[in-house]
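Heads up, the thing below is written out as structure tokens.
This one's a predicted model, so the numbers in the text were calculated from it and none came from an experiment.
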Amino acid sequence: MALTKVRGGGVDNPLTLGGGSASDRSIIFDGNAQDFHIGLDDSSDSLTIGLGSTLGTTSHMVIDANGHVTQPLQSAFLVFSTDSNDFPLNDTRLMTLDTEVFDQNGDVASNVFTAPVTGRYNLSLSLYFTAIASDSNYLEVYLTTSNRTYYFIIDPGTFDQTGAYHTITASVLADMDASDTASVSYRQSSGSSGTDFDGNNSFFSGYLAC
């Protein structure tokens with residue numbers, strides 16, 4: 001099948017779709033397994049790129065009249081934990097991820113985030129601890145991905161008494177392959193028991209950066 005050429009462009013000979021009336025206009029790319037579209041959603045005054053032949057049904061990228069670009073299906077999540085406990089010494093505890101603020105694309109389940117595609121993911125965490133024993137060797141948080149583990153640590157021995165509260169925060173740009181997972185855990189090494197993890201004030205978040 002010959003390729004049909006459409007000529008036009010420039011101020012004297014522009015290529016125009018539509019006649020200025022209130023109506024959606026789109027171009028359909030008809031593929032074998034998948035169709036894609038690009039078009040004007042006139043009801044929201046936005047340029048939309050999406051899956052399928054119907055404008056606005058599965059939008060992958062939306063550009064509004066002010067230049068804001070959104071990606072409604074791009075992986076992004078923010079999850080809190082309802083798990084608040086006095087956790088055992090020398091025991092690595094997995095942070096439960098059971099209170100979703102949002103989970104765009106549905107990639108969080110069973111206390112792990114699973115990368116849907118290969119890419120670079122910005123992952124952030126904040127874990128809130130109370131009654132931290134000053135005689136412990138260390139209090140450590142692990143961000144574990146399929147490719148590597150990132151460690152974040154404090155030495156409570158620098159406290160002159162039991163720490164009333166402390167937050168360990170961190171952020172990494174992690175390389176992840178499709179189907180790789182990421183999870184968060186924590187551990188106190190030795191010392192007195194009684195350090196508490198406050199899940200209601202702890203979160204794990206992330207998004208596909210590139």
*Just do the side-chain hydrogen bond (donor to acceptor under 3.5 Å, both in side chains) check on T169 and S126 with the steps written out, would you?*
CA-CA 4 Å; T169 61; S126 179; 5.7 Å; no
*Under the salt bridge (charged side-chain N to carboxylate O under 4.0 Å, His left out) test, residues paired with R93 that sit two or more places apart*: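 Expected list: D91.
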*Just jot down the salt bridge (charged side-chain N to carboxylate O under 4.0 Å, His left out) partners of D175, sequence neighbours excluded, or say none.*
R148
*Picking from Y186, F80, F197, what satisfies side-chain contact (heavy atoms from CB on, under 4.5 Å) with S202?*
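Among the candidates, only F197 passes.
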To the closest 0.5 Å, what do you measure between [atom1] ([X]) and [atom2] ([Y])?
X    : Y    : atom1 : atom2 : value
N201 : T130 : CG    : OG1   : 9.5 Å
L208 : L73  : CG    : CG    : 12.0 Å
R120 : Y207 : CZ    : OH    : 14.0 Å
L94  : N111 : CG    : CG    : 5.0 Å
N105 : S75  : CG    : OG    : 4.0 Å
L143 : F113 : CG    : CZ    : 11.0 Å

*Evaluation steps, side chain to side chain contact (heavy atoms under 4.5 Å, CB included), between V101 and V79*: CA-CA 6 Å; V101 179; V79 188; over 6 Å; no
With a 3.5 Å distance limit and no angle check, can you tell me whether [X] reaches the backbone of [Y] through a side-chain donor-acceptor pair?
X    : Y    : result
N66  : H68  : no
D98  : T82  : yes
D177 : D180 : no
S81  : T96  : yes
H37  : G52  : yes
S146 : T181 : yes
Q104 : Q71  : yes
S124 : S205 : no
S185 : M95  : no
E140 : Q188 : no

Does any part of the side chain of [Y], heavy atoms only, come nearer than 4.5 Å to the side chain of [X], both counted from C-beta?
X    : Y    : result
I132 : S134 : no
S190 : S136 : no
L97  : V112 : no

*Does the pair D83 and N85 meet the rule for a side-chain hydrogen bond (donor to acceptor under 3.5 Å, both in side chains), with working shown?*
CA-CA 6 Å; D83 186 17; N85 56 62; 2.8 Å; yes
*Taking the six-membered ring for Trp, are the ring centroids of Y150 and Y142 within less than 6.0 Å of each other?*
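Centroid distance Y150-Y142: not below 6.0 Å, so no.
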*If you take all heavy atoms of L139 and I168, which pair is closest and at what distance?*
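Scanning both residues completely, I find the closest heavy atoms to be O-CD1, 4.1 Å.
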*Of all the heavy-atom pairs spanning Y165 and Y128, show the shortest one and how long it is.*
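Scanning both residues, the minimum pair turns out to be CB-OH, 3.7 Å.
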_Working for side chain to side chain contact (heavy atoms under 4.5 Å, CB included), residues Y121 and L173_ = CA-CA 5 Å; Y121 290 80; L173 186 61; 6.0 Å; no
Can you get from [X] to [Y] by hopping between Ile, Leu, Val, Met, Phe, Trp and Tyr side chains that sit under 4.5 Å apart?
X    : Y    : answer
M176 : V172 : yes
V108 : F102 : no
L51  : L55  : no
M61  : L40  : no
V62  : L47  : no

*Would you mind listing every salt bridge (charged side-chain N to carboxylate O under 4.0 Å, His left out) that reaches into residues 182-208, with sequence neighbours excluded?*
none
*Just checking, any donor-acceptor pair under 3.5 angstrom between side chains of T145 and N147?*
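No.
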*Going through the checks in order, is the side chain to side chain contact (heavy atoms under 4.5 Å, CB included) test met by Y151 and V141?*
CA-CA 6 Å; Y151 299 91; V141 170; over 6 Å; no
*Go through the steps for S46 and S44 under the test side-chain hydrogen bond (donor to acceptor under 3.5 Å, both in side chains), then give the verdict.*
CA-CA 5 Å; S46 62; S44 60; 2.8 Å; yes
*Check the pair D35 / F29 against side chain to side chain contact (heavy atoms under 4.5 Å, CB included), numbers first and verdict last.*
CA-CA 6 Å; D35 298 342; F29 299 88; over 6 Å; no
